[in-house]
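In this text the structure is predicted, and so the values were computed from the model without any measurement.
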Amino acid sequence: MSYELVTLTAGHNEKVVGAGANGYKEHEQARLLVAQLEKDFKAVGQKVAICTDDKGTTKASVWGNAVKNCNKYDKKGRLDVSIHLNAGGGTGVEVLYYSEKALSAKVSKAISDATGYRDRGPKIAKEIGFLNSTTAPAILIETCFIDNKNDMEVFTKGLQDISRSIVKAITGKSVPTVTKTETKKEDSASKTLYKVQTGAFADKKNAEGLAKELEKKGYPVHIVKQ
């Protein structure tokens, strides 16, 4: 299925930080993934909108504000995606849903395949405010367990892989990759210089005269005898 718009929400904020462990905070890590997702969705031509809330001071107001941000957009052809990190001593990825079981299973498996995380699969969660309040279909991705050191090592090193797996699962399109050869070509092109010759004179005095005028205007000048 193709979507007219995918909205992205990073769970929690600096006032309502969510889970935390191993030196990580959920709201910060979720925002890192959302930022990468925004780039990768745009790279495949998918229209995307960020609906993260940074103003709420309670758990309910944070997800409530995020829902309001999502619902500002036309619900037709829209998918709302909320990014979180799990906690509680487990390991792996799971995707919560209200009605989108098949998509949730697809996204969970895609992340598992890309990272080696245990695929905990789709979990119905109609009681969650974000899922039952958006006017469009929604999923909530519990990317990994923030209190599991191995999960977080994979998360930090494989953030781009996680993002690309989500994009592919939702859009069916692979994010283009830049090869080393292409990078070298771009670097080489950026080092190309173009020189401008302003005149050629048989009399050296005329050349020196023009050189002085150009120097007064701030241009670097070199007189070359040929």
Residues 17-26 vs salt bridge (charged side-chain N to carboxylate O under 4.0 Å, His left out), sequence neighbours excluded, gives none
In terms of heavy-atom contacts, K55 and N13 come closest through N-ND2, 3.9 Å
- Could you tell me whether the side chain of Q36 and the main chain of Q160 form a donor-acceptor pair under 3.5 Å? no
Here the gap from Y3 atom OH to K76 atom NZ, rounded to the nearest 0.5 Å, amounts to 15.0 Å
Treat each ILVMFWY residue as a node, draw an edge where side-chain heavy atoms are under 4.5 Å apart, and state whether Y24 and V154 are in one component. yes
NZ of K126 to CG of N132, rounded to nearest 0.5 Å, is 10.0 Å
- Would you find a donor on one side and an acceptor on the other, under 3.5 Å apart, between the side chain of S108 and the backbone of A105? no
- Query: Checking D151 side chain against G92 main chain: does a donor-acceptor pair fall under 3.5 Å?
  - Reply: yes
Apply salt bridge (charged side-chain N to carboxylate O under 4.0 Å, His left out) to residues E153 and K149 and explain how you reach the verdict. CA-CA 6 Å; E153 285 181 7; K149 289 184 178 180; over 6 Å; no
CD1 of I162 to OG1 of T115, rounded to nearest 0.5 Å, is 6.0 Å
inquiry  = Do L159 and L33 have side chains that approach each other closer than 4.5 Å (heavy atoms only, starting at C-beta)?
reply    = yes
Report yes if the side chains of V175 and R164 come closer than 4.5 Å at any heavy-atom pair, otherwise no.
yes
Consider only side-chain heavy atoms of I, L, V, M, F, W and Y, link residues closer than 4.5 Å, and tell whether Y97 and W63 are in one cluster. no
Query raised in the report: Same cluster or not: are I170 and Y73 linked, directly or through other Ile, Leu, Val, Met, Phe, Trp or Tyr residues, by side-chain heavy atoms under 4.5 angstrom apart?
Result: no
Linking I/L/V/M/F/W/Y whenever any side-chain heavy atoms sit under 4.5 Å apart, do V81 and F130 land together? no
Is there a side-chain contact between L103 and V107 in this structure, where contact means two heavy atoms from C-beta onward sitting under 4.5 Å apart? yes
Got a sec: does the NZ of K15 have more than 12 other heavy atoms crowding it under 6.0 Å? yes
Q. Would V34 and T9 satisfy side chain to side chain contact (heavy atoms under 4.5 Å, CB included), going step by step from the backbone distance to the final call?
A. CA-CA 7 Å; V34 163; T9 298; over 6 Å; no
message = Test your reading of the model: is there a side-chain donor-acceptor pair from T7 to the backbone of C51, 3.5 Å cut-off?
response = no
Trace of the side chain to side chain contact (heavy atoms under 4.5 Å, CB included) decision for V17 with H12 = CA-CA 5 Å; V17 296; H12 307 283; 5.8 Å; no
Closest non-hydrogen atoms of V67 and S133, given as atom of the first, atom of the second and distance, are CG1-O, 3.6 Å
Has the side chain of N148 got a donor or acceptor atom that lies under 3.5 Å from a matching backbone atom of G90?
-> yes
- Would a 4.5 Å heavy-atom cut-off, applied to side chains only, mark V167 and Q46 as touching? no
Closest heavy-atom pair, S61 versus G56, reported as atoms and distance to 0.1 Å, is OG-CA, 3.4 Å
request  = Under the side chain to side chain contact (heavy atoms under 4.5 Å, CB included) rule, what do V93 and C144 come out as? Steps first, then yes or no, please.
outcome  = CA-CA 5 Å; V93 55; C144 66; 5.9 Å; no
Determine whether V48 and L8 satisfy the following criterion, side chain to side chain contact (heavy atoms under 4.5 Å, CB included), listing intermediate values before the conclusion.
CA-CA 7 Å; V48 64; L8 298 172; 3.5 Å; yes
So salt bridge (charged side-chain N to carboxylate O under 4.0 Å, His left out) across residues 90-106, not counting sequence neighbours, yields E94-R120
Between D147 (side chain) and G89 (backbone), is there a donor-acceptor pair under 3.5 Å?
yes
Closest non-hydrogen atoms of A30 and G11, given as atom of the first, atom of the second and distance, are CB-N, 4.1 Å
- Query: For I146, does its backbone N or O pair with a side-chain atom of N22 as donor and acceptor, under 3.5 Å?
  - Reply: yes
Tested for side-chain contact (heavy atoms from CB on, under 4.5 Å) against P137, the lone hit among D80, L79, L131 is L79
TODO: Given salt bridge (charged side-chain N to carboxylate O under 4.0 Å, His left out), test R31 with D54 step by step and report yes or no.
DONE: CA-CA 11 Å; R31 279 160 174 74; D54 291 318; 2.7 Å; yes
Heavy-atom neighbours of E14 CD exceed 12 at 6.0 Å
no
The side-chain contact (heavy atoms from CB on, under 4.5 Å) partners of K173 (sequence neighbours excluded) come to V44, T171
Go through the steps to decide whether R78 and T135 satisfy the test side chain to side chain donor-acceptor pair (under 3.5 Å), and finish with yes or no. CA-CA 9 Å; R78 191 182 91 218; T135 56; 3.2 Å; yes
Here the gap from N86 atom CG to F145 atom CZ, rounded to the nearest 0.5 Å, amounts to 3.5 Å
| With hydrophobic residues grouped by side-chain heavy-atom distances under 4.5 Å, do F155 and I141 end up in a single group? | yes
On a heavy-atom basis, the closest approach of I139 and S104 is CG2-OG, 3.5 Å
Would you check if the side chain of D119 reaches a backbone N or O of S112 as a donor-acceptor pair within less than 3.5 Å? no
